[in-house]
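To start, the structure itself, in structure tokens.
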Amino acid sequence: MLEKTYEPGAVEARISADWLKANAFAAGAGAKPGAETYTIVIPPPNVTGSLHIGHALNNTIQDILIRFNRMLKKDVLWQPGMDHAGIATQMIVERQLMERQQPRRREMGREKFVERIWEWKGESGGAIMNQLKRLGASADFSRERFTMGDNGAADDQMVRAVTKVFVELHKRGLIYRAKRSVNWHPGLETAISDLEVENIEIKGHMWHLRYPLADGVTYQFPIAYDEEGKPTEWETRDYIIVATTRPETMLGDSGVAVHPDDPRYASLVGKFVTLPLVGRRIPIVADEYADPALGTGAVKVTPAHDFNDFEVGVRNNLEQINVFTTDGSIVSAEAIPAAYRGMDRFVARKAIVADLTALAEEDPTRGLDHIEDKKIMVPHDEKSKLVVIEPFLTDQWWVKADVLAQPAMASVREGRMKLVPQQYENTYFAWLENIRPRCISRQLWWGHQIPARYGPDNEPFVAYDEAEAQALADAHYGQPTPIKRDEDVLDTWFSSALWPFSTPGWPDETPELKRYYPTSVLVTGFDIIFFWVARMMMMGLEFLEEEPFHTVYMHAPVRDEKGQKMSKTKGNVIDPLVLIEQYGADATRFTLAAMAAQGRDIRLAINRVEGYRNFVTKIWNAARFLRNERVPPRRGLRSQGQQAPAQSLDRRRHRAALPPSPGALLITSSTKPPTPPMTSSGAPSATGLSNSPSPSSTARTKQPRPKPAPPPHGRSIRS
RNA sequence: GGGAGUAUAGCUCAGCGGGAGAGCAUUCGCUUCACACGCGAAGGGUCACAAGUUCAAUCCUUGUUACUCCCA
């Protein structure tokens, strides 16, 4: 007997298992011969991740498109897989080692540690794929891919793909090595990208510091103005005041900049100041970066620890003095006063402010002038929002993203790739037009190791393999020379940018690549237009000379009922797996799909899910009605050794709530027609249906329907 | 500072150049043999505000206000 209320848990699990067993989601399943292809690559979730409500929406939309096109008998591939998520994964395993009091990363050594991560990946990584199955996603799970490949070995196809892209781009001059300021994460001790930095406004201070002029130089500084802004009063100064939000970086100052048109300081350009506490003699330079209206109009220049200062330094030929170690403490270098060496950066700030204050108490024309409260933007680690990111001067690998961006922009401009909704084209262009060279190397161990080797003088040799690099090096030095592999790995997004063509087998010319590239549509949230969409465009156009997709459908973010972002700290997270548990995958997905209108964030209200759960039950009961539970045919059926009709009905109900797939049809083909044939009395005939083991039953012949295609084989689900 | 979006019933949202809608909530009536996660009915909105275009505006245009998001 069917329950009055639909209990999704058991039914969905079984149907899902049947689908998978029948290979219903395999690429091309149920396709007409010669059918056109329909491909979607899943935005690969992090291997460390678990299904959140955004994934549920994202994959529901993909599933709708995929199942619809499968019903049209197209050759459909929904390519699933996961991203190796460099930083996040390495952190998880490191934390695990710490918790278990096992040898740490550096004690283990690289090889062991990476092995350990692969182990973790095998054991607990990728739970999200099972969660996707639970969601009902009809991806071809037999083709699951991983951005690091199967084992990360050099001959692995994913690794070969990444290597080829790197080597080729290097050959074309689009990848190069350079010492530049990067966003440095002092906790993880690696470079991160601009996009992984979030500027957070905090209540900070501007410290106004007096830098004494060297060589006895003095000048007249205006201290009073008339109504027209003309100075009326001056005082003689032998110092210049600079303002900074980061006093500790003064240890690395190598200049003071004033605006070339600023009359107040005109006489000082070319003169020198003596850096307080340090004693270094540094020049005063004229540079338009100094804004006369801001602060005192004079700025200290720290090329090694500020992006703008770096540029000023290059323009004015100033020294780059690094004051920090990779973990954010003060270096123990000769240029640094002994008192500050080894101090944490924030401790050093306090110490330096204290020392400058003491200096001012001794002599009112020296040291700290005053402190101003000011809201300032401070770069933070976008994930934790806790760690302050440090502009840091290091040797890194860079991509000339501005060059690669041109075809990617042209494609959208010329309508070869459409963003839906269209307004995101503005965002896309705005970002690509201002794109800067992108740092792609990361000081991690988990990831695609950079295919570069170095000679004894750090000359890089980029090649497909060790032998080729060795040959390059030997040729360069004119004799056999030892080379060393680059320790760093590539940013995770470097490999995910290749996803649409790496998954079907590139750089090999596989039938899959030929068949399933380009993909039909990309479904994603707008938040990764830059991270992912734009980069896939660049790489696809560069290496396959065709867009990886011609349409990108961007869906809204899912928020809570009040429109707030879901976050653990706010405690308003709605876990899709809990929803599925409680209301069923159908109700959950129906809700998300129904609410996924364009141009409006989804405010997920539980009572909507409840409403659709009720709707699912309604369909369930409609099926009960059709089966006419009042008439008890089952006793007879059972005595004939036949299965109760419940199972087939389950499936029918499920198909009603979910778009059928060829797989579903395949499994349930013998239960056609979907509605029981009616007897002449008009009452549903349970016996008529249930007694018929195949579609060519008496029930059907009694009341012929428009002839459906005969099932491919006489297989009955009851068998 | 630059850009984008949204504003429709108590709530969450569809809709659309010519009749203002759904679900939930509310109220009332139903132990109707598929379903109370139900059935039947009712109340409830100056479609944010202002101007314009139009025979006609919730819808198109412009402006205003409020909120949200992205970039600096």
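Residue numbering restarts at 1 for every chain, and letters A, B, ... go by the order of the sequence lines.
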Quiz item: Expressed in angstrom and rounded to an integer, what is the separation of A:Tyr612 atom OH from B:G23 atom C1'?
Solution: 6 Å
Self-check item: Interatomic distance where CG belongs to A:Asn199 and C1' belongs to B:C70 [whole Å]
Solution: 13 Å
Self-check item: Inter-nucleotide C1' distance (B:A7, B:A48), Å rounded
Solution: 6 Å
Self-check item: Base-pairing assignment for B:U46 (Watson-Crick or G-U wobble, both under 3.5 Å)
Solution: none
Quiz item: Paired with B:C39 by Watson-Crick or G-U wobble geometry, both distances under 3.5 Å: which nucleotide is it?
Solution: B:G29
Practice problem: Search all heavy atoms of A:Ala408 against all heavy atoms of A:Leu432 and return the closest pair with its distance. | Solution: CB-CD1, 4.2 Å
Exercise. Establish, with yes or no, whether the OP1 or OP2 oxygen of B:G38 is under 4.0 angstrom from a side-chain nitrogen or oxygen of A:Asn614.
Key: yes
Quiz item: How far does the P atom of B:U8 sit from the matching atom of B:C71, given to the nearest Å?
Solution: 27 Å
Quiz prompt | A:Arg613 (side chain) and B:C37 (base): donor-acceptor pair under 3.5 Å | solution = yes
Quiz prompt | Watson-Crick or G-U counterpart of B:G52, or none if no pair lies under 3.5 Å | solution = B:C60
Self-check item: Reference residue A:Met538; test side chain to side chain contact (heavy atoms under 4.5 Å, CB included); the match among A:Val403, A:Leu404, A:Leu174, A:Val399
Solution: A:Leu404
Quiz item: Is A:Glu610 salt-bridged to A:Arg608, cutoff N-O under 4.0 Å?
Solution: no
Quiz item: Mapping A:Asn621 and A:Trp431 onto RNA chain B by nearest heavy atom, which one lands closer to the 5' end?
Solution: A:Asn621
Quiz item: When rounded to the nearest Å, what value does the distance between C1' atoms of B:G45 and B:U12 take?
Solution: 16 Å
Quiz prompt | Rounded interatomic separation in angstrom, taking CE from A:Met595 and P from B:A22 | solution = 17 Å
Quiz prompt | Whole-angstrom distance between B:G43 and B:A4, as gauged at atom P | solution = 43 Å
Exercise. Grab the CG-P distance between A:Asp194 and B:A72 for me, whole Å please.
Key: 8 Å
Practice problem: Classify the angle between the aromatic ring planes of A:His305 and A:Phe392 as parallel (below 30°), tilted (30 to 60°) or perpendicular (above 60°). | Solution: tilted
Exercise. State the pairing partner of B:A14; accept Watson-Crick or G-U wobble contacts with both distances under 3.5 Å, and report none otherwise.
Key: none
Quiz item: Separation of A:Glu610 atom CD from B:A36 atom P, in whole Å?
Solution: 16 Å
Exercise. Please determine if A:Lys203 and A:Asp373 form a salt bridge, counting it only when a charged side-chain N lies under 4.0 Å from a carboxylate O.
Key: no
Quiz item: In whole Å, what separates the P atom of B:G3 from that of B:U64?
Solution: 13 Å
Exercise. When you get a sec, tell me which of B:C71, B:G38, B:C37 is the closest nucleotide to the side chain of A:Thr617?
Key: B:C37
Quiz item: Starting at CD1 of A:Ile528 and ending at P of B:C70, how long is that distance when rounded to a whole Å?
Solution: 15 Å
Practice problem: Rounded off to whole Å, could you give me the CZ-to-P distance for the A:Phe590 and B:G23 pair? | Solution: 13 Å
Quiz item: C1' atom, B:C16 versus B:A56: distance in rounded Å?
Solution: 14 Å
Self-check item: Separation of B:C37 C1' from A:Tyr6 OH (nearest whole Å)
Solution: 14 Å
Quiz prompt | Contact nearer the 5' end of RNA chain B, comparing A:Arg608 with A:Phe615 | solution = A:Arg608
Quiz item: Among A:Asn316, A:Val242, A:Asp253, A:Asp309, which one satisfies side chain to side chain contact (heavy atoms under 4.5 Å, CB included) with A:Val301?
Solution: A:Asp309
Quiz item: For B:U68, which nucleotide is its Watson-Crick or G-U wobble mate, given both distances must be under 3.5 Å?
Solution: B:A4
Quiz prompt | Sugar-phosphate only, base, or nothing, as touched by A:Ala622 at under 4.0 Å among non-hydrogen atoms | solution = base
Quiz prompt | Distance between P atoms of B:U61 and B:U6 (Å, rounded) | solution = 11 Å
Exercise. Over 60° means perpendicular and under 30° means parallel, so classify the ring planes of A:Tyr612 and A:Phe615, tilted if in between.
Key: perpendicular
Quiz prompt | Rounded C1' spacing from B:G52 to B:G15 in Å | solution = 24 Å
